[in-house]
There are 2 protein chains.
Amino acid sequence: MGTFRKTPDRGDVDAPSPESIDRDSDEPVYAQLVRIIRRQVADGVLRPGDQLPSEAQLCRRYGVSPMTVRRVVNILSDQGIVVGEQGRGTFIRPVELGDASFQLQRLQDLVGGDQPASVRLLQATIVGADRKTAEKLGCVPGQRLIYMRRLIEAEAGPVCYHVEYLVYDPARPVVEAEIATTSLQGLFGGPGQPLIKHGELSIEAVLLGDDEARLLQAPPPAAGLRIEHLFFAYDERPMSWGWFLCRGDRLRFGSRVGISQEHLAPEGKSVDEP
Amino acid sequence: MGTFRKTPDRGDVDAPSPESIDRDSDEPVYAQLVRIIRRQVADGVLRPGDQLPSEAQLCRRYGVSPMTVRRVVNILSDQGIVVGEQGRGTFIRPVELGDASFQLQRLQDLVGGDQPASVRLLQATIVGADRKTAEKLGCVPGQRLIYMRRLIEAEAGPVCYHVEYLVYDPARPVVEAEIATTSLQGLFGGPGQPLIKHGELSIEAVLLGDDEARLLQAPPPAAGLRIEHLFFAYDERPMSWGWFLCRGDRLRFGSRVGISQEHLAPEGKSVDEP
DNA sequence: CACTATAGCTTCCCTATGGAAGCAGATATT
DNA sequence: AATATCTGCTTCCATAGGGAAGCTATAGTG
């Protein structure tokens, strides 16, 4: 590693005098301090490799207790803005491409967001599991499954095509209700019994099949985003398997890395203890 | 909302007696407690909607101080496992599809990971900005840019095709070095001056063009994952624009939601203060 | 000179304590 | 009976203080 400057000398940046804590604000002290330091990073006052003032210094400079400063540093570390090295110091972390993360929340917003897209149930029948499906769901071939196909439409047209296999279990009444309604609640954590314990997701780009392209009103050949999901029930057995097929030109996930000057929104990053 | 049970009665689950804190362990107390509670969620002892024991109760039960318990709850909240409601209690949060997040780290691993794929520089010339590129980079058309094309190959064959436009600035020596090397350092936060302040990423599915398909050795028509990136320098001006084009069948992002019984790995989630 | 000990800094952990704000149910009042 | 108040719980915030472990540079020792 190179040498670190404790007091970076930047003639090109007019560093504003350090903001101070407002004791009367509704915003908690720790949040204020987090915001202040983030601002300094956003303004380029603090740059990657620079050493953050030591915790003791921060205590004196802002007049807060050590515990509060500790918490602030923890949060900044969780946010990936800063990295602490035991015995050496805390340093501003350079931006990496790998910091970017794409949240599936966008897909959820699309269904239940501000202008909730309509969900049309195309089919819902009981079928026997074929080989591949049985393998995915960890059941025997021929096992009775609920087969569902849905189409999610926005104003501009169809966006997403959803296929799902549900293990048929008469003891789970919610499944019946879920078929009845055309919404995707259950998958999206609406009301009702929590059935899903955990799930495995994957995302990839695929070529749309003829049927799929027709449903999505995309002239073939067309590309789509395929989001596969496998959910497990509380007995740790697979409960549902399916995938979303989204028109590539109508669904797009975005992400930010680093801190821009305008949007001071937090970025999802690793948590406190790996 | 329905009614919450403080002491859930589950005959089907043999709840083990609550693990206790090992004072001599290297693992910090707060981390142990986080692990213990995560385990209880994984084992189904605690289920969505259930109320976590109050902080005071946790203090007594595990013999730790309130501040430590507070920290534990904070971490669990950051991880999206629990949600606290002021004055009411802390409750286990149900799993939602939107929790899933796909980390671009996978792409970074692909380049600089265990078996580092080779990066071949196909082209590196200076061009004038066309209209679209000028718009993206916020410069005038005709502006001198460095145009680069790279191919990332794994053992199985080409995986990723990378195109990038860099604003030409003689005052930035690193750019010269970056062209010389075939690696993608600079983009991936290798050594050298930190140039990138922040960036905007997006991911979508596209149809590969003929040239692209040929380079990636995919018989057209083929789908690909397109990861676009726009990076900003410290003067807040766009510095580079480009995109990765990855064969859909050779790059796949995965994610987990909820806590499975085996893998007790943490999941990326929102941070402390939004 | 080469090597070792030490002092002073750093991050990091944990405790004990006090108080604010919010919710819910019981009690008292109108 | 309906309304208001109060009490006990909850999550949260912040403080003060102590100690462990790790790094680094200096002073001391062979």
Side-chain angles (χ1 to χ4, degrees), chain A residues 1-7 20-35 37 50-78 81-93 271-274, chain B residues 1-7 20-35 37 50-78 81-93 271-274:
Chain A
M1 283 283 171
T3 60
F4 296 109
R5 309 155 293 231
K6 289 211 179 186
T7 51
S20 60
I21 302 294
D22 177 12
R23 242 43 221 217
D24 299 330
S25 169
D26 283 343
E27 194 183 14
V29 173
Y30 79 92
Q32 289 186 52
L33 192 46
V34 165
R35 186 173 44 76
I37 296 181
D50 287 347
Q51 183 172 14
L52 211 62
S54 82
E55 299 184 358
Q57 284 176 324
L58 288 174
C59 287
R60 289 193 298 271
R61 182 166 312 172
Y62 294 100
V64 295
S65 88
M67 270 303 285
T68 303
V69 164
R70 195 78 260 290
R71 184 172 183 189
V72 167
V73 174
N74 260 337
I75 291 173
L76 291 172
S77 182
D78 287 357
I81 295 174
V82 108
V83 55
E85 292 179 32
Q86 169 98 319
R88 286 194 7 97
T90 306
F91 305 91
I92 308 291
R93 197 173 146 280
V271 285
D272 201 25
E273 200 72 11
Chain B
M1 282 285 171
T3 60
F4 296 108
R5 308 156 293 231
K6 291 212 181 187
T7 51
S20 60
I21 302 292
D22 177 13
R23 246 38 224 217
D24 299 330
S25 169
D26 283 342
E27 194 182 12
V29 173
Y30 79 93
Q32 288 185 53
L33 192 46
V34 166
R35 186 173 45 76
I37 296 180
D50 287 346
Q51 183 172 14
L52 210 63
S54 82
E55 299 184 357
Q57 285 175 324
L58 288 174
C59 287
R60 289 193 297 272
R61 181 166 312 173
Y62 293 99
V64 295
S65 89
M67 271 305 286
T68 303
V69 164
R70 195 79 259 290
R71 184 174 183 188
V72 167
V73 174
N74 260 337
I75 291 173
L76 291 172
S77 181
D78 289 356
I81 296 174
V82 302
V83 54
E85 291 179 33
Q86 169 98 311
R88 285 191 12 95
T90 306
F91 305 91
I92 308 292
R93 196 173 146 280
V271 284
D272 200 23
E273 201 72 9

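Throughout, protein chains are lettered first and strands after them, A, B, ... in sequence-line order, and every chain is numbered starting at 1.
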Where the side chain of B:Arg70 is defined as all heavy atoms beyond and including C-beta, which of D:dC13, C:dC12, C:dT10 is the nearest nucleotide?
D:dC13

Would you kindly give the [atom1]-to-[atom2] distance between [X] and [N], to the nearest whole Å?
| X | N | atom1 | atom2 | value |
| --- | --- | --- | --- | --- |
| B:Glu85 | D:dC12 | CD | P | 9 Å |
| A:Glu55 | C:dC12 | CD | C1' | 7 Å |
| A:Ile75 | C:dC12 | CD1 | P | 14 Å |
| B:Leu52 | D:dT10 | CG | P | 12 Å |
| B:Asn74 | D:dC13 | CG | P | 7 Å |
| B:Leu58 | D:dC12 | CG | C1' | 15 Å |
| B:Ile21 | C:dC13 | CD1 | P | 14 Å |
| A:Arg60 | D:dA16 | CZ | P | 14 Å |

Identify the two heavy atoms, one from [X] and one from [Y], that lie closest to each other, and give their separation to 0.1 Å.
| X | Y | result |
| --- | --- | --- |
| A:Pro53 | A:Arg61 | CG-NH1, 4.0 Å |
| A:Glu27 | A:Gln32 | O-NE2, 2.9 Å |
| B:Ser65 | B:Cys59 | C-SG, 3.8 Å |

To the nearest 10°, let me know how far the axis at one end of the helix from C:dC1-D:dG30 to C:dT30-D:dA1 is tilted from the axis at the other, five pairs an end.
10°

Taking only N/O atoms, report every protein-nucleotides 23-27 of chain C pair under 3.5 Å with atom names and distance.
| unit_1 | atom_1 | unit_2 | atom_2 | d |
| --- | --- | --- | --- | --- |
| C:dA24 | OP1 | B:Arg88 | NH1 | 3.4 |

First locate atom [atom1] of [X], then atom [atom2] of [Y], and finally report the distance between them rounded to the nearest 0.5 Å.
| X | Y | atom1 | atom2 | value |
| --- | --- | --- | --- | --- |
| B:Glu85 | B:Thr90 | CD | OG1 | 8.5 Å |
| B:Arg71 | A:Met67 | CZ | CE | 7.5 Å |
| B:Ile75 | B:Ile37 | CD1 | CD1 | 10.5 Å |
| A:Ser54 | A:Arg60 | OG | CZ | 6.5 Å |
| A:Leu76 | A:Ile92 | CG | CD1 | 8.0 Å |

Write down the protein N/O and nucleotide N/O pairs, taken from nucleotides 14-18 of chain C, whose separation is under 3.5 Å; answer none if there are no such pairs.
| unit_1 | atom_1 | unit_2 | atom_2 | d |
| --- | --- | --- | --- | --- |
| C:dC14 | OP1 | B:Val29 | N | 2.1 |
| C:dC14 | O3' | B:Arg23 | NH2 | 3.1 |
| C:dT15 | OP1 | B:Arg23 | NH2 | 2.4 |
| C:dT15 | OP2 | B:Ser65 | N | 3.1 |
| C:dT15 | OP2 | B:Ser65 | OG | 3.3 |
| C:dT15 | OP2 | B:Thr68 | OG1 | 2.7 |

With a 4.5 Å heavy-atom cut-off, do A:Leu33 and A:Thr68 have their side chains touching?
no

Less than 4.5 Å apart, any side-chain heavy atom of B:Arg70 and any of B:Val73?
yes

Out of the candidates A:Val72, A:Val83, A:Val82, only one should pair with A:Leu52 under the side-chain contact (heavy atoms from CB on, under 4.5 Å) rule; please name it.
A:Val82

